[in-house]
**Q** 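One structure, as structure tokens, below. Some questions next.
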2 protein chains.
Amino acid sequence: MILAQRAQPAPDELAAFLDEYLRRGDCLVQVVSECEVLYSGRAASVAEAGDYLVIVKQDGSVQVHGHRSVKPVNWQPHTDDLFVGVEDGVAVMRAERFNPEEMVRVAFLAPAMVQAFELRESGGFALMGSEAEMQRALARHPELIEPGLEVLHRELPTDVGGIDLFARDTDGALVVVELKRSKANQEAVHQLGRYVESVRRLGSERVRGILAAPAVTAPALNQLGTLGLEFREVSALPLDDAGDAQPSLFAPA
Amino acid sequence: MILAQRAQPAPDELAAFLDEYLRRGDCLVQVVSECEVLYSGRAASVAEAGDYLVIVKQDGSVQVHGHRSVKPVNWQPHTDDLFVGVEDGVAVMRAERFNPEEMVRVAFLAPAMVQAFELRESGGFALMGSEAEMQRALARHPELIEPGLEVLHRELPTDVGGIDLFARDTDGALVVVELKRSKANQEAVHQLGRYVESVRRLGSERVRGILAAPAVTAPALNQLGTLGLEFREVSALPLDDAGDAQPSLFAPA
DNA sequence: ACATGAATATTGGAT
DNA sequence: ATCCAATTTTCATGT
């Protein structure tokens, strides 16, 4: 799994190592070093000399990690070209891409370690509790929102975006349902408001708006009241009912 | 900078290593290993056995990287508690936090390498081209939006959010300006529309709405027309004018 | 290629 | 602690 490693490589040694293993395109390379980092593209940034962990993956993505936080200090999602060289006695890597046009340049001022790994393509990954899943579950069990609710459409397109769930209640009124997998805020309320307005413009039927989420912020709840809309508490991670043959994450094997 | 390293550690050796260096709280620890990863909290996920690079930083943040993409497969922004142990002959790390309550559990099935680094807190970092910077520049030079425009407020709070720039034009009309540092989409148009509506409700003055961005999507431009709002092309990375003593990123030292 | 919208978004700032 | 809005958001998806 570990292909190669050098401790405290000289600049030309580091450059050669990077060149060799990045060119292969089938491994992950990382460098621990004091670095200077320049970025220019959608924005521009400079990171003065400091210790960083630099990771270059097979897809050419580059990330420069500092001592804290999940998010890298500098990064590039995917690069079209990688250049490695020695400038003024310092190993330098430049990662470029074209769309959008941007560039990250890392100068390895004092490399402590460089390594190349082979990470085999990994296996299955399953995520539970996405909004898409929540939408499927509620389309199947609309009574979790309101007894007697009948779902007419999912992702119904309007001129201002797609309506998550479009339904009819037992009184015959149309119901626009906006889903959020986590606590809903004012943005979600306005989104719902837009959809309701849009549907009302189309016809003369009575139209209700329901925000379905596990929770709602106080200002958002206020706003709902002002706009004559409703909130319904719905969990994003529903207990799977016996009728469904869905595997449970924590079910015993 | 490199504190310690073990190749192909046995489970108890890996657990001891992790325990020792994670407890210190002043270093970055990483493991290259075949892993199984469980996450449970805001959502839930399972990653089946595969090769991953696991990074634990000083702040307790955990990230599990696969062979591609900047974004980790699993992660945790900050953990309150880290537990390390050996279960069924396999080294296991569990990272928990309380707000929100969530947990990541990594089982190191076949560890190839574990390392501990000391990354000193890094120095200066400067980002140019943020929306905040754009806002300052345009507040100072509103003529870049429209000749004769007079800025009354920045970040003016309304009941539906903060207005980026609030101004008056040469005809005496109020102007709501929404800024985007990159190409503006329908979402931005709706945001602007909300602010304009809110201001109109407050008084009887004529109110214009301007979306200022380096570019705009075709549907968004359409929407602007429908709502009677305007678009103005403004760069997020303005050429610094001679009057400003702002340092240029690429100026020679 | 472009536009849209979700995300375990993360992160920083204001209240 | 809560809430809001920016982000070099990234990323997957649909058109």
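In the text below, chain A, chain B and the rest are named by the order of the sequence lines, each starting its count at 1.
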**Q** Answer yes or no: does a side-chain N or O of B/Thr217 lie under 4.0 Å from OP1 or OP2 of C/dT4?
**A** yes
**Q** When the P atoms of D/dA5 and C/dT8 are compared, how many Å lie between them, rounded to an integer?
**A** 22 Å
**Q** Kindly say if B/Lys71 contacts the phosphate of C/dT10, meaning a side-chain N or O under 4.0 Å from OP1 or OP2.
**A**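 For C/dT10, neither OP1 nor OP2 has a side-chain N or O of B/Lys71 closer than 4.0 Å.
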**Q** Just N and O in the side chain of B/Gln191: are any of them under 4.0 Å from OP1 or OP2 of D/dA6?
**A**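 B/Gln191 to D/dA6 OP1/OP2: side-chain N or O found under 4.0 Å.
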**Q** What distance do A/Leu174 atom CG and A/Ile163 atom CD1 have between them, rounded to the nearest 0.5 Å?
**A** 9.5 Å
**Q** In terms of the nearest nucleotide of DNA chain D, which residue is placed more toward the 5' end: A/Val216 or A/Val73?
**A** A/Val216
**Q** Taking C/dT11 as the reference, what is the distance to D/dC11 when you measure between their P atoms (whole Å, please)?
**A** 15 Å
**Q** Starting at the 5' end of DNA chain C, which residue's closest nucleotide do you reach first, B/Asn185 or A/Leu127?
**A**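 Nearer the 5' end of the strand: B/Asn185.
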**Q** Whole Å only: how far is the CD atom of B/Glu187 from the C1' atom of D/dT9?
**A** 15 Å
**Q** Check the distance between C/dT11's P and B/Gln76's CD and give it to me in whole angstrom.
**A**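 Nearest whole value for this atom pair: 11 Å.
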**Q** Under a 4.0 Å threshold between the charged nitrogen and the carboxylate oxygen, would B/Arg194 count as salt-bridged to A/Glu187?
**A**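 The answer is yes: the pair qualifies as a salt bridge.
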**Q** If you count every heavy atom of other residues, nucleotides or ligands that lies below 6.0 Å from B/Glu197 atom CD, does the total exceed 12?
**A** no
**Q** Tell me whether the OP1 or OP2 atom of D/dT8 has a side-chain N or O from A/Trp75 closer than 4.0 Å.
**A**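 Negative; the distance criterion is not met.
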**Q** Starting at atom NZ of B/Lys180, determine the distance to atom P of D/dA6, rounded to an integer number of angstrom.
**A** 4 Å
**Q** In whole Å, I'd like the distance from the CG atom of B/Asp164 to the P atom of D/dC4.
**A** 16 Å
**Q** Rounded to the nearest angstrom, tell me the gap between atom CD in B/Glu178 and atom C1' in D/dC4.
**A** 13 Å
**Q** Closest to the B/Ser130 side chain: D/dT8, D/dT7, C/dT8?
**A**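 Per side-chain heavy atoms of B/Ser130, the pick is D/dT7.
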**Q** Using a heavy-atom cut-off of 4.0 Å across all strands, would you classify B/Arg97 as base, sugar-phosphate, or nothing?
**A**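 No contact at all - B/Arg97 keeps every heavy atom at 4.0 Å or more from the nucleic acid.
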**Q** How long is the line joining NE2 of B/His78 and P of C/dA9, in whole Å?
**A**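 After rounding, the gap between these two atoms is 18 Å.
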**Q** What are the two closest non-hydrogen atoms of B/Arg232 and B/Ile145, and how far apart are they?
**A**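 Taking every non-hydrogen atom into account, NE-O, 2.8 Å.
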**Q** Starting at the 5' end of DNA chain D, which residue's closest nucleotide do you reach first, B/Phe125 or B/Gly162?
**A** B/Gly162
**Q** Locate the shortest heavy-atom distance separating A/Asn185 from A/Thr217; write the atom from each residue and the value.
**A** CA-OG1, 3.9 Å
**Q** Report yes if a side-chain nitrogen or oxygen of A/Ser69 is closer than 4.0 Å to either non-bridging phosphate oxygen (OP1 or OP2) of C/dT10; otherwise report no.
**A**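 For C/dT10, neither OP1 nor OP2 has a side-chain N or O of A/Ser69 closer than 4.0 Å.
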**Q** Under 4.0 Å: is that the gap between some side-chain N or O of A/Arg42 and OP1 or OP2 of D/dA6?
**A** no
**Q** Check A/Val70 against B/Val62 and note the closest heavy-atom contact, atom names and distance.
**A** CG2-O, 4.3 Å
**Q** Is a salt bridge present between B/Arg94 and B/Glu96, judged by a nitrogen-to-oxygen distance below 4.0 Å?
**A** yes
**Q** C/dT11, D/dT8, D/dT10: which one has an atom nearest the side-chain heavy atoms of A/Val70?
**A**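 Nearest listed nucleotide: C/dT11.
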**Q** Which is more 5' along DNA chain C, the nucleotide nearest B/Pro77 or the one nearest B/Lys183? Just name the residue.
**A**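 Its nearest nucleotide lies further toward 5', so the answer is B/Lys183.
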**Q** CG of B/Leu179 versus P of D/dA5: gap in Å, rounded?
**A**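 One finds 14 Å between P of D/dA5 and CG of B/Leu179, rounded.
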**Q** In whole angstrom, give the distance that lies between atom CD of A/Gln63 and atom P of C/dT10.
**A** 15 Å
**Q** Counting only side-chain N and O atoms of B/Gln186, is one of them less than 4.0 Å from OP1 or OP2 of C/dT4?
**A**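 So the side-chain polar atoms of B/Gln186 do come within 4.0 Å of the phosphate oxygens OP1 or OP2 of C/dT4, strictly under.
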**Q** Of the candidate nucleotides C/dA7, C/dT8, D/dA6, which contains the atom at the shortest distance from the side chain of A/Glu131?
**A**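 Selected nucleotide (nearest to the side chain): C/dA7.
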**Q** For B/Glu102, answer base if it contacts any base atom (sugar-phosphate contacts may also be present), sugar-phosphate if it contacts only those atoms, and nothing otherwise; contact means non-hydrogen atoms under 4.0 Å.
**A**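 B/Glu102: base contact, heavy atoms under 4.0 Å.
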**Q** Of all the choices, C/dT11, C/dA6, C/dA9, which nucleotide is nearest to the side chain of A/Arg181 once you look at every atom?
**A** C/dA9
**Q** Would you classify B/Pro100 as touching base, sugar-phosphate or nothing, given that sugar-phosphate means primed atoms plus P, OP1 and OP2, and contacts are heavy atoms under 4.0 Å?
**A** nothing
**Q** When you check the phosphate oxygens OP1 and OP2 of D/dA12, does a side-chain N or O of B/Arg68 lie under 4.0 Å from one of them?
**A**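 Checking D/dA12 against B/Arg68, a side-chain N or O does come within under 4.0 Å of OP1 or OP2.
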